[in-house]
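This is a predicted model, so every value here is computed, not measured. Letters go in sequence order (proteins before strands), and every chain restarts at 1.
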Number of protein chains: 2
Amino acid sequence: MKDQKEIIREANELKIMEAAELVFAQFGFKGATTDKIAKQAELPKANIHYYYKTKANLYQCVLTRILKEWIEAAEVFDNYDEPKIALTKYVESKMNYSRCRPYASKVWANEIIHGAPIVGAFLETTLKKWLEDRVEIIKGWIASNKIRKIDPTAFIYMIWSVTQHYADFEKQIEILNQGKEYSDEEFKLMTDQVTQFVLAGAGL
Amino acid sequence: MKDQKEIIREANELKIMEAAELVFAQFGFKGATTDKIAKQAELPKANIHYYYKTKANLYQCVLTRILKEWIEAAEVFDNYDEPKIALTKYVESKMNYSRCRPYASKVWANEIIHGAPIVGAFLETTLKKWLEDRVEIIKGWIASNKIRKIDPTAFIYMIWSVTQHYADFEKQIEILNQGKEYSDEEFKLMTDQVTQFVLAGAGL
DNA sequence: GTCTATACGTTGATAGAC
DNA sequence: GTCTATCAACGTATAGAC
């Protein structure tokens with residue numbers, strides 16, 4: 001049974017986290033001030049510190065949430081035996097994430113660009129394991145002649161980079177698209193193109 | 001004829017710029033302090049302000065240099081009529097830039113992620129024009145059945161994202177490569193893979 | 001749990017001696 | 001052109017009233 005305070009706490013924590021994700025994405029860790037986050041969350045600055053002891057702590061929480069979602073999106077890869085379906089679904093899942101959570105993707109990119117000081121440990125363990133397992137799956141596809149002979153790691157990097165580009169370089173893409181954000185239709189077309197490139201890369 | 005002071009000036013400006021590029025890449029604009037840049041350049045902090053009036057000014061100079069190099073690398077695209085050669089050379093040029101100037105690439109990525117406040121104007125003019133011209137070239141290739149029917153813009157985004165990934169996500173790649181940076185041989189193999197993916201994307 | 005006022009550290013920038 | 005000392009501004013974090 002949740003009491004009143006707990007409900008308020010959870011609601012405020014989420015509100016702050018979403019505001020923080022936006023501000024961290026736009027200004028980086030240092031550039032994001034608690035004041036900006038507070039204004040975005042429509043709360044006084046002191047409340048941010050009440051819910052999250054320090055700015056660094058809040059940043060960690062934001063990254064942890066992104067990481068959890070990253071893993072969920074990656075699960076799609078394993079739900080289908082046929083490479084064509086598995087790859088199509090994975091690209092779709094990654095593109096959908098770029099579309100719906102661009103700020104999350106940007107915070108992540110920012111963290112890696114700056115040397116992964118916080119998520120480094122995760123990369124060494126969970127992500128490394130995930131990659132190794134997926135490399136084995138792809139090697140299996142190659143061995144059974146289902147796809148072309150490729151370097152599995154390079155192939156996965158290709159999928160990551162192309163899909164994440166639509167979130168991280170959103171602003172550049174918008175400017176190059178006559179200053180207009182992609183409509184749902186336009187984004188769907190790009191998703192189809194990315195899917196084709198990935199499948200072509202695998203010889204499918 | 002350059003006098004002594006001019007020579008000293010140019011040498012120091014370059015030293016500061018290179019130090020700044022590194023520090024901006026590692027910490028972002030806000031996170032990069034003039035003190036860090038000074039230490040990296042092995043100069044007292046005040047000298048930074050002597051050569052570059054403000055931190056923002058120094059940042060602009062760093063971006064301008066990157067931009068100039070970006071344009072030079074892009075010229076390769078036009079030096080060959082045959083799509084297979086042009087694309088191979090362009091990928092090679094971009095991968096080489098990621099290899100030799102990873103900090104430059106990171107500063108650029110950072111700038112775009114944060115909404116391109118400084119280079120926005122360049123994107124709207126020079127880059128937009130460059131993209132439109134290249135789109136026409138690619139359309140020509142499609143019309144003459146030299147490559148598969150693809151969306152030229154999506155295709156160029158693919159080239160940019162895959163190649164830049166090796167600079168911007170360097171740290172992630174290093175961690176996933178048993179904590180070791182790629183050797184020249186390993187990087188060459190990845191360049192070949194990326195080239196294959198790009199050519200395959202074009203149906204070549 | 002909310003919020004105002006404030007202490008304390010950091011940092012961009014400058015003054016002024018060399 | 002170099003460098004030490006210093007200041008003003010800003011930003012994190014907290015104290016304490018409500």
Would you mind reading off the distance between [X] atom [atom1] and [N] atom [atom2], rounded to a whole angstrom?
X	N	atom1	atom2	value
Gln4(B)	dG1(D)	CD	C1'	11 Å
Lys39(B)	dT4(D)	NZ	P	12 Å
Asn47(B)	dG1(D)	CG	P	10 Å
Asn12(B)	dC3(D)	CG	C1'	13 Å
Glu42(A)	dT2(C)	CD	C1'	15 Å
Glu10(A)	dG1(C)	CD	C1'	15 Å
Ile48(B)	dT4(D)	CD1	P	13 Å
Arg9(B)	dG1(D)	CZ	C1'	9 Å

Between dG1(D) and Tyr51(B), is there an OP1 or OP2 to side-chain N/O distance shorter than 4.0 Å?
no
Is it the case that more than 12 heavy atoms not belonging to Lys36(A) sit under 6.0 Å from its NZ atom?
yes
Neighbour count above 12 (heavy atom, 6.0 Å) for Asp81(B) CG:
no
Distances for protein N/O vs nucleotides 12-18 of chain D N/O pairs under 3.5 angstrom?
residue : atom : partner  : partner atom : Å
dT12(D) : OP1  : Ala32(A) : O            : 3.4
dT12(D) : OP1  : Lys55(A) : NZ           : 3.0
dT12(D) : OP2  : Thr34(A) : N            : 3.0
dT12(D) : OP2  : Thr34(A) : OG1          : 2.9
dA13(D) : OP2  : His49(A) : NE2          : 3.1
dA13(D) : OP2  : Lys55(A) : N            : 2.9
dA13(D) : N6   : Lys45(A) : NZ           : 3.4
dT14(D) : OP2  : Lys53(A) : NZ           : 3.3

Applying ring pair (Phe, Tyr, Trp, His ring centres under 6.0 Å), name anything that partners Phe169(B), two or more places apart in sequence or on another chain.
His165(B)
Looking at residues 13-28 of chain A, who's got a heavy atom less than 4.0 Å off DNA chain C?
none
Can you tell me if Lys128(A) and Gln178(B) form a side-chain donor-acceptor pair at under 3.5 Å?
yes
Can you check side chain to side chain contact (heavy atoms under 4.5 Å, CB included) on Leu127(B) and Gln172(A), steps first, answer last?
CA-CA 9 Å; Leu127(B) 188 63; Gln172(A) 176 171 295; 4.0 Å; yes
Assess whether side chain to side chain donor-acceptor pair (under 3.5 Å) is satisfied between Asn12(A) and Tyr51(A), documenting all intermediate values.
CA-CA 8 Å; Asn12(A) 279 336; Tyr51(A) 286 106; 2.9 Å; yes
To check you understand the geometry: which heavy-atom pair defines the closest contact between Ile37(B) and Ala19(B), and what is its length?
O-CB, 3.7 Å
Looking at every strand, decide which applies to Tyr52(A) at a 4.0 Å heavy-atom threshold: base, sugar-phosphate, or nothing.
nothing
Side-chain donor/acceptor pairs under 3.5 Å, residues 149-163 of chain B, sequence neighbours excluded:
residue   : atom : partner   : partner atom : Å
Asp151(B) : OD1  : Thr153(B) : N            : 2.9
Asp151(B) : OD1  : Ala154(B) : N            : 3.0
Trp160(B) : NE1  : Tyr90(B)  : OH           : 2.9
Ser161(B) : OG   : Tyr157(B) : O            : 2.9
Ser161(B) : OG   : Met158(B) : O            : 3.1
Thr163(B) : OG1  : Ile159(B) : O            : 2.7
Thr163(B) : OG1  : Trp160(B) : O            : 3.1

Start with the C-alpha distance between Glu42(B) and Lys15(B), add both sets of side-chain angles, then the distance that settles salt bridge (Lys or Arg N to Asp or Glu O under 4.0 Å), and finish with yes or no.
CA-CA 9 Å; Glu42(B) 294 176 306; Lys15(B) 195 152 84 167; 5.5 Å; no
So ring pair (Phe, Tyr, Trp, His ring centres under 6.0 Å) across residues 27-47 of chain B, not counting sequence neighbours, yields Phe24(B)-Phe29(B), Phe29(B)-Tyr59(B)
Determine to 10° how strongly the helix from dG1(C)-dC18(D) to dC18(C)-dG1(D) is bent, judged from the axes of its five-pair ends.
0°
Determine whether a donor-acceptor pair (N or O, by modelled atom type, separation under 3.5 Å) exists between the side chain of Thr125(A) and the backbone of Ala121(A).
yes
